[in-house]
Amino acid sequence: MRLWVRAAAVRRRVVCLWLLLLVFALVGLALSDLFNQDRDHGHPNPNPGPPRRPLQRIPSAPDLEIIVNSWDPALELGVDVAALESLQEDQLLFVPSTQGTKSPLQGKGSYKVILPGVSKETAAPVPRTHSETGNEVQLQLRDKYTELELSAVQKFGLNEVISERISLHRRLPDVRHPGCLGEQYSESLPSSSVIICFHDEAWSKLLRTMHSVLDTAPKQYLQEVLLVDDLSTQGHLKSVLSEYVSHLDRVRLIRSTKRLGVGGCRSLGAARAAGEVLVFMDSHCECQKGWLEPLLERVAQDRTRVVSPIMDVIDWQTFQYNATQWPVRGVFDWRLDFHWESNLQLKPKDADSAVLPLKSPVLGGGVVAIDRHFYHSVGGYDPGMLLWGGEQIELSIRVWSCGGSMEVVPCSRVAHLDHHHLPYRFPDQEILQRNKIRIADTWMDAYRKIFYRRDTLAHFIRQSESPNITERLHLKRSLGCRNFHWYLTTVYPQLYIPQDRPALSGELYNVGMGSCADLPRVQGLQGAVMNVAPCSGTGSQHCDLNSDSEVRWGPMGALCLDREGERVVMSPCPKQRPTSSGHQWKFIKLSGQLVHQQSQLCMEAVKEVEIPQSSTGGLFLRTCSHHPRQQWHFEQLVAPKSAR
Ligand code: UDP
Ligand code: MN
């Protein structure tokens with residue numbers, strides 16, 4: 001009997017246990033269903049990319065999406081763990097949507113956030129010594145700005161105090177060409193996702209960017225604005241921003257829990273975007289009326305076309321809007337730095353040239369629109385690119401080489417704020433070089449030597465480590481991309497191709513002075529006066545005596561050694577091959593003399609004190625002699641064979 005009772009008790013316990021397990025299983029199933037539903041609500045993702053953890057989404061706030069993102073470990077850089085913790089804390093601060101009801105945040109003045117460390121009382125003392133960011137600001141602007149402003153400039157690279165006084169909805173003056181105003185666009189333009197990545201952006205600047213998109217983009221073409229927080233650390237970009245965004249229609253906020261950098265952050269946005277066309281936009285832009293339609297039209301006509309508006313300029317001190325003159329296009333130099341190139345001569349026969357798009361070898365990253373499918377098929381942003389720099393040049397060369405094209409569309413204008421200085425700190429100083437190495441080794445074939453000679457830091461890094469570009473090379477092959485020679489001759493034939501002959505190129509070293517020929521930086525380019533300075537060893541003083549007898553200077557190779565009276569100067573090289581111009585020089589290897597052909601005088605380095613009424617030394621043309629200050633040699637820092 002006792003045995004029977006005990007057995008019954010055991011059976012009861014087992015049944016209870018089973019029941020408990022069943023309940024657990026049911027709860028588990030319900031939860032996973034909830035998550036899956038959540039995902040299904042999201043837009044179909046054509047390129048799922050690496051696996052991600054599920055979203056945490058607030059059911060009542062469809063516009064606010066916090067994504068806990070696990071990303072390619074290759075992108076993991078010395079991430080600030082403290083920042084990560086605070087981000088997670090922020091993720092708990094969900095604010096239910098009150099969309100439709102007027103929010104106190106949308107009232108007059110529209111926002112008020114106390115920026116840590118920027119208020120008068122708490123403004124950090126201004127250091128006089130060198131700091132990584134904004135050090136020059138301190139010295140130049142000390143008298144001009146209040147401590148509050150200085151602190152803001154140092155923190156954001158712009159005068160946020162002034163920015164806060166300007167409406168978030170300010171209208172820019174319409175500077176479009178009259179020919180643009182009558183343009184008719186197709187009625188069925190594709191939809192767009194505007195992706196705005198930000199890392200520690202100033203509050204008013206970020207909000208003005210977002211509002212200017214919402215205020216100017218026609219609703220039928222604007223699927224969404226995706227704000228992507230690239231692990232910002234500043235307080236105002238946390239819960240306050242989450243709350244602000246939760247009140248807005250069409251705006252979604254995604255937060256990354258790893259610092260991804262410009263390209264990685266944009267890839268994250270692209271993977272989550274639903275619009276047919278992706279518009280990547282910097283977090284400090286203001287859109288001109290009618291900016292979106294001309295871009296969408298060009299992409300709709302040809303899905304392999306990647307387009308940019310004319311980028312106007314917002315002054316970082318005054319927030320004044322400055323229109324950029326047309327025509328303008330994007331280029332890069334042999335140090336792989338990007339420039340907008342103006343003063344282009346358009347052929348007079350192009351009566352419509354003021355409204356016609358212009359092909360561009362590269363596009364800046366400020367605003368760039370690209371078909372979503374084409375973006376993914378051409379390989380997105382290179383995931384191997386670190387934090388900042390070069391990603392846009394890489395994308396541009398790839399787009400052109402692998403079947404697409406790029407252009408600037410003049411009837412579209414967006415203003416971009418050019419920072420005073422980059423407001424980020426990088427875990428190491430060579431990030432930009434490493435990104436450039438990826439570009440050189442992936443895309444430039446043998447031409448990469450020209451780059452390595454002009455950026456010796458990149459050269460030495462490359463000697464000690466190889467970039468992991470296997471996948472990108474595979475992509476290049478599978479897309480059937482053309483080589484760099486094709487790119488240079490077809491897309492960017494205006495770029496001078498240096499000859500870099502041994503013993504006739506490199507730093508121009510003066511035996512008498514023990515220094516190198518140098519072009520001081522802060523000068524206009526017309527007739528800039530040459531000087532001697534300590535040899536930099538970085539490639540910045542590299543020049544190239546070519547077979548046309550020109551001494552070409554600078555990363556573009558567009559400046560030529562010239563004379564103005566007896567002074568040696570740099571001036572723009574002649575467009576045609578020189579015949580007997582003042583630009584021609586002869587180098588006599590035996591004596592080390594550099595002879596100006598036209599005058600038959602020799603280039604001599606002159607010390608400061610020797611020039612009457614002048615505080616500087618410089619390079620002069622003098623009667624040829626064997627004085628050591630007339631002895632030069634071209635020092636190649638990177639031997640031809642070792643240039644990668
Ligand atoms: N950015 C980012 N992560 C970074 C660095 C930059 O998301 O690690 C964002 C930045 O906030 C900006 C955009 O990427 O919206 C481009 O950066 P930036 O404006 O500094 O580049 P620049 O215009 O100077 O080339
Ligand atoms: Mn920018």
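Because the structure is predicted, anything quoted here is derived from the model rather than measured. Whatever order the structure lists them in is the order used to number ligands and atoms, beginning at 1. The basis for the numbers below is simple: all heavy atoms, side chains too, and nothing from hydrogens, waters or symmetry mates.
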- Message: Quick check on G365 - does any of its heavy atoms sit under 4.0 Å from an atom of ligand 1?
- Response: no

- What is the ring orientation for Y487 with F332, classed by angle as parallel under 30°, tilted 30 to 60°, or perpendicular over 60°? parallel

- Query: Of all N/O/S atoms in H416, which lies nearest to the Mn ion (ligand 2)?
  - Reply: NE2

- Task: Write out the residue and atom name of the closest protein heavy atom to atom 3 (N) of ligand 1, then the distance separating them to 0.1 Å.
- Result: D230 OD2, 2.6 Å

- Task: Please identify which atoms of ligand 1 are closer than 4.0 Å to at least one heavy atom of R259.
- Result: 4 (C), 8 (O)

- Query: Got the closest protein heavy atom to atom 18 (P) of ligand 1, with its distance?
  - Reply: Y424 OH, 3.4 Å

- Message: Is there a polar contact between ligand 1 and C265, counting only N or O atoms under 3.5 Å apart?
- Response: no

- Do the side chain of S536 and the main chain of T538 share a donor and acceptor less than 3.5 angstrom apart? yes

- Parallel, tilted or perpendicular, as decided by the 30° and 60° cut-offs, for the rings of W334 and Y447: parallel

- Can a non-hydrogen atom of H284 be found less than 4.0 Å from any atom of ligand 1? yes

- Task: Could you confirm whether C285 has any N/O/S atom lying under 2.8 Å from the Mn ion (ligand 2)?
- Result: no

- Message: Can you confirm whether R171 is buried at CZ, in the sense that more than 12 heavy atoms of other residues, nucleotides or ligands lie under 6.0 Å from that atom?
- Response: no

- Atom nearest to the Mn ion (ligand 2) - D282, N, O or S atoms considered: OD2

- Item | Residue and atom name of the nearest protein heavy atom (relative to atom 12 (C) of ligand 1), distance in Å to one decimal | S283 OG, 3.7 Å

- Task: Looking only at distances, please establish whether an N/O atom of ligand 1 is found under 3.5 Å from an N/O atom of E201.
- Result: no

- Item | Distance from atom 9 (C) of ligand 1 to nearest protein heavy atom, with residue and atom | C197 O, 3.8 Å

- Item | Under 3.5 Å: N/O of W388 near N/O of ligand 1 | yes

- Message: Quick check: H199 and ligand 1, any N/O pair under 3.5 Å apart?
- Response: yes

- Should V299 and F374 count as side-chain neighbours, where that means a heavy-atom distance under 4.5 Å? no

- Task: Can you see which heavy atom on V408 is nearest to which on V328, and at what distance?
- Result: CG2-O, 3.7 Å

- Taking atom types as modelled, is there a side-chain donor on W291 or T216 under 3.5 Å from an acceptor on the other? yes

- Item | Listed partners of C411 passing disulfide bond (SG atoms under 2.5 Å apart), at least two apart | C180

- Message: Quick check: do F451 and M444 have side-chain heavy atoms less than 4.5 Å from each other?
- Response: yes

- With atom 1 (N) of ligand 1 as the reference point, say which of V262, D200, L231, T209 has the nearest heavy atom. V262

- Message: So I196 and V225, do their side chains get closer than 4.5 Å, heavy atoms only?
- Response: yes

- Query: Quick one: nearest non-hydrogen protein atom to atom 23 (O) of ligand 1, plus distance?
  - Reply: D282 OD2, 3.0 Å

- Can you tell me if H416 has a non-hydrogen atom under 4.0 Å from ligand 1? yes

- Query: Which residue, K258, R255, R259, forms the salt bridge (charged side-chain N to carboxylate O under 4.0 Å, His left out) with D230?
  - Reply: R259

